[in-house]
Amino acid sequence: MRSVKLATWNVNSLAVRLPQLLDWLAAHPVDAIVLQETKLTDDKFPQAEIAEAGYQAQWFGQKTYNGVALLSRVPATDVVRNIVGFADEQARVIGGTVGGLRVIGAYFPNGQAPGTDKFEYKLSWMRALRDWLREELATHPQLVLMGDFNVAPEDRDVHDPLAWAGQIHCTDEEREHFRQLLALGLHDAFRLFEQPPRSWSWWDYRNLAFRKNQGLRIDHILVSDALKSRVTACTIDKAPRKNERPSDHAPVIVEIAD
DNA sequence: ATGTCACCTGGTAGGTGA
């Protein structure tokens with residue numbers, strides 16, 4: 001039985017990280033990967049290098065910040081950019097249908113700190129995402145939502161829950177909005193399996209956080225009800241975080257049986 | 001330890017965002 005492998009990776013500048021991405025794809029020839037924080041305008045997207053690596057690409061970027069992409073072995077169809085029905089200046093979502101799966105890649109707003117305008121934008125954005133995904137699920141029951149959610153869903157996703165209590169990524173409001181996504185009929189693929197304790201997907205560049213394994217699990221892969229029973233594995237690949245000049249995020253991979 | 005990294009503007013540093 002063949003399986004499909006999908007991945008998500010916040011690369012924190014595709015211009016800087018392109019060689020690492022190509023190395024990673026050579027070692028992990030996934031069927032599709034979504035990228036966040038490409039930080040490239042669309043005219044600068046490295047399509048030729050990615051095509052050379054054997055991937056079709058759809059991309060949606062802007063200057064300096066944000067920017068997302070969907071790379072796949074077979075072309076994505078019915079491609080969508082950003083949340084339908086939500087006016088957004090920022091390039092944060094790209095989705096498409098890949099081999100019968102609806103694949104949505106998302107870069108959730110950081111939110112800066114509770115009480116700020118950016119925090120309110122984050123919550124509004126998450127509400128709009130939920131409302132739009134409800135419609136997407138109705139037409140595409142086999143759906144995967146993955147990306148940098150900028151939310152640590154539970155205390156076990158936080159290296160120091162006491163220090164992070166009420167802080168950005170860990171507030172009750174963000175966690176409630178995350179649960180609202182699950183309530184659509186989505187499942188955190190990572191938690192469908194036994195996992196090593198203290199598993200994170202992001203480590204701050206500061207404070208020697210990676211060496212001390214002080215991180216958060218904020219990059220997620222959610223699978224729909226229709227896919228749940230077919231998921232055979234979900235892992236975080238810490239290896240690229242050990243690279244010279246790494247992204248601060250690690251890729252997350254899911255395997256889905258046919 | 002607000003200890004790093006990436007990107008911008010407008011310079012040979014400072015501001016913003018993460």
Side-chain angles (χ1 to χ4, degrees), chain A residues 8-24 34-46 49-50 59-69 82 88-94 105-126 129 146-153 157-171 173-175 177-178 200-220 236-252:
Chain A
T8 176
W9 194 6
N10 180 327
V11 293
N12 184 18
S13 169
L14 186 54
V16 172
R17 233 66 69 187
L18 179 62
Q20 293 183 43
L21 173 66
L22 297 177
D23 285 350
W24 192 84
V34 291
L35 308 176
Q36 300 88 41
E37 289 204 85
T38 56
K39 300 188 176 179
L40 292 173
T41 52
D42 287 344
D43 56 304
K44 301 268 190 2
F45 191 83
E49 293 88 337
I50 284 167
W59 59 92
F60 180 40
Q62 64 183 93
K63 191 177 175 185
T64 311
Y65 303 120
N66 310 314
V68 287
N82 267 356
D88 199 344
E89 303 280 311
Q90 307 184 24
R92 294 188 172 278
V93 175
I94 192 153
Y107 176 46
F108 287 48
N110 174 286
Q112 193 175 51
T116 64
D117 289 348
K118 287 176 182 156
F119 188 75
E120 289 309 312
Y121 164 68
K122 180 178 196 171
L123 299 183
S124 301
W125 191 96
M126 291 182 74
L129 179 70
M146 55 185 177
D148 177 0
F149 285 54
N150 272 313
V151 177
D157 301 311
V158 181
H159 72 92
D160 185 347
L162 202 58
W164 280 86
Q167 303 296 309
I168 197 63
H169 309 303
C170 304
T171 65
E173 294 99 319
E174 291 164 278
R175 288 174 168 179
H177 281 64
F178 183 89
W200 326 123
S201 68
W202 170 85
W203 301 258
D204 201 304
Y205 283 124
R206 297 167 288 191
N207 312 330
L208 304 174
F210 184 70
R211 265 174 46 182
K212 296 189 279 191
N213 196 29
Q214 296 177 344
L216 305 176
R217 192 176 71 93
I218 56 177
D219 301 86
H220 306 297
I236 298 171
D237 181 13
K238 284 174 71 168
R241 190 62 176 77
K242 299 170 186 166
N243 289 344
E244 201 175 326
R245 265 189 111 184
S247 169
D248 44 352
H249 294 256
V252 187

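Per chain, numbering begins at 1; letters A, B, ... match sequence-line order. Note: hydrogens, waters and symmetry copies are ignored here, and every other heavy atom, side chains too, is used.
Among Thr8(A), Asn66(A), Asp148(A), Asn10(A), the single residue meeting the side-chain hydrogen bond (donor to acceptor under 3.5 Å, both in side chains) criterion with Gln36(A) is Thr8(A).
OP1 or OP2 of dC5(B) has not a single side-chain nitrogen or oxygen of Arg17(A) nearer than 4.0 Å. Taking only side-chain nitrogens and oxygens, Ser13(A) never comes nearer than 4.0 Å to OP1 or OP2 of dC5(B). Side-chain N/O atoms of Arg206(A) include none lying less than 4.0 angstrom from OP1 or OP2 on dA18(B).
A distance of about 25 Å separates the P atoms of dC7(B) and dT2(B), rounded to the whole Å. Between the C1' atoms of dG15(B) and dG10(B), the separation comes to 12 Å (whole Å). Going from the P atom of dT12(B) to that of dG17(B) covers 23 Å, rounded to whole Å.
Separating the CG atom of Asn66(A) from the P atom of dA18(B) is a distance of 7 Å, rounded to the nearest angstrom. We find that NE2 of His249(A) is positioned 18 Å from P of dT4(B), with the value rounded to whole Å. Rounded to whole Å, atom P of dT2(B) lies 18 Å from atom CD1 of Ile168(A). In this structure, CD of Glu174(A) is placed 13 Å from P of dA18(B), rounded to the nearest angstrom. Atom CG in Asp248(A) sits about 10 Å away from atom P in dC5(B), given to the nearest Å. Distance, Glu244(A) CD to dA6(B) C1': 16 Å, rounded to whole Å. The interatomic distance linking Tyr121(A) (OH) with dA18(B) (C1') rounds to 14 Å, in whole Å. If you take CG of Asn150(A) and P of dG17(B), they are 15 Å apart, rounded to a whole angstrom.
Taking the side chain as every heavy atom from C-beta outward, Arg17(A) and Leu35(A) never approach each other to under 4.5 Å. At a threshold of 4.5 Å between non-hydrogen side-chain atoms, the residues Pro109(A) and Arg92(A) count as touching. Taking 4.5 Å as the limit, some side-chain heavy atom of Lys238(A) sits within range of a side-chain heavy atom of Phe210(A).
Residue Tyr107(A) is in sugar-phosphate contact alone, with no base atom involved, counting any heavy-atom pair closer than 4.0 Å across all strands shown. Looking at heavy-atom distances under 4.0 Å, Glu37(A) makes contact with sugar-phosphate atoms alone, never a base.
With distances taken from any side-chain atom of Lys118(A) to the nucleotides dC5(B), dC7(B), dA18(B), the minimum falls on dA18(B). Side-chain proximity of Arg245(A) to the nucleotides dC8(B), dG17(B), dA6(B) is greatest for dA6(B). With distances taken from any side-chain atom of Thr64(A) to the nucleotides dT4(B), dC7(B), dG17(B), the minimum falls on dC7(B).
Side-chain atoms of Asn243(A) and Gln20(A) include a donor-acceptor pair closer than 3.5 Å.
Across the interface with DNA chain B, nearest-nucleotide mapping of Trp202(A) and Lys63(A) shows Lys63(A) to be the residue nearer the 5′ end. The residue among Asn207(A) and Val16(A) whose nearest nucleotide of DNA chain B lies closer to the 5′ end is Asn207(A).
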Practice prompt. Give the C-alpha distance, both sets of side-chain angles, the deciding distance and a yes or no for side chain to side chain donor-acceptor pair (under 3.5 Å) between Asp219(A) and Trp202(A).
Written response: CA-CA 8 Å; Asp219(A) 301 86; Trp202(A) 170 85; over 6 Å; no
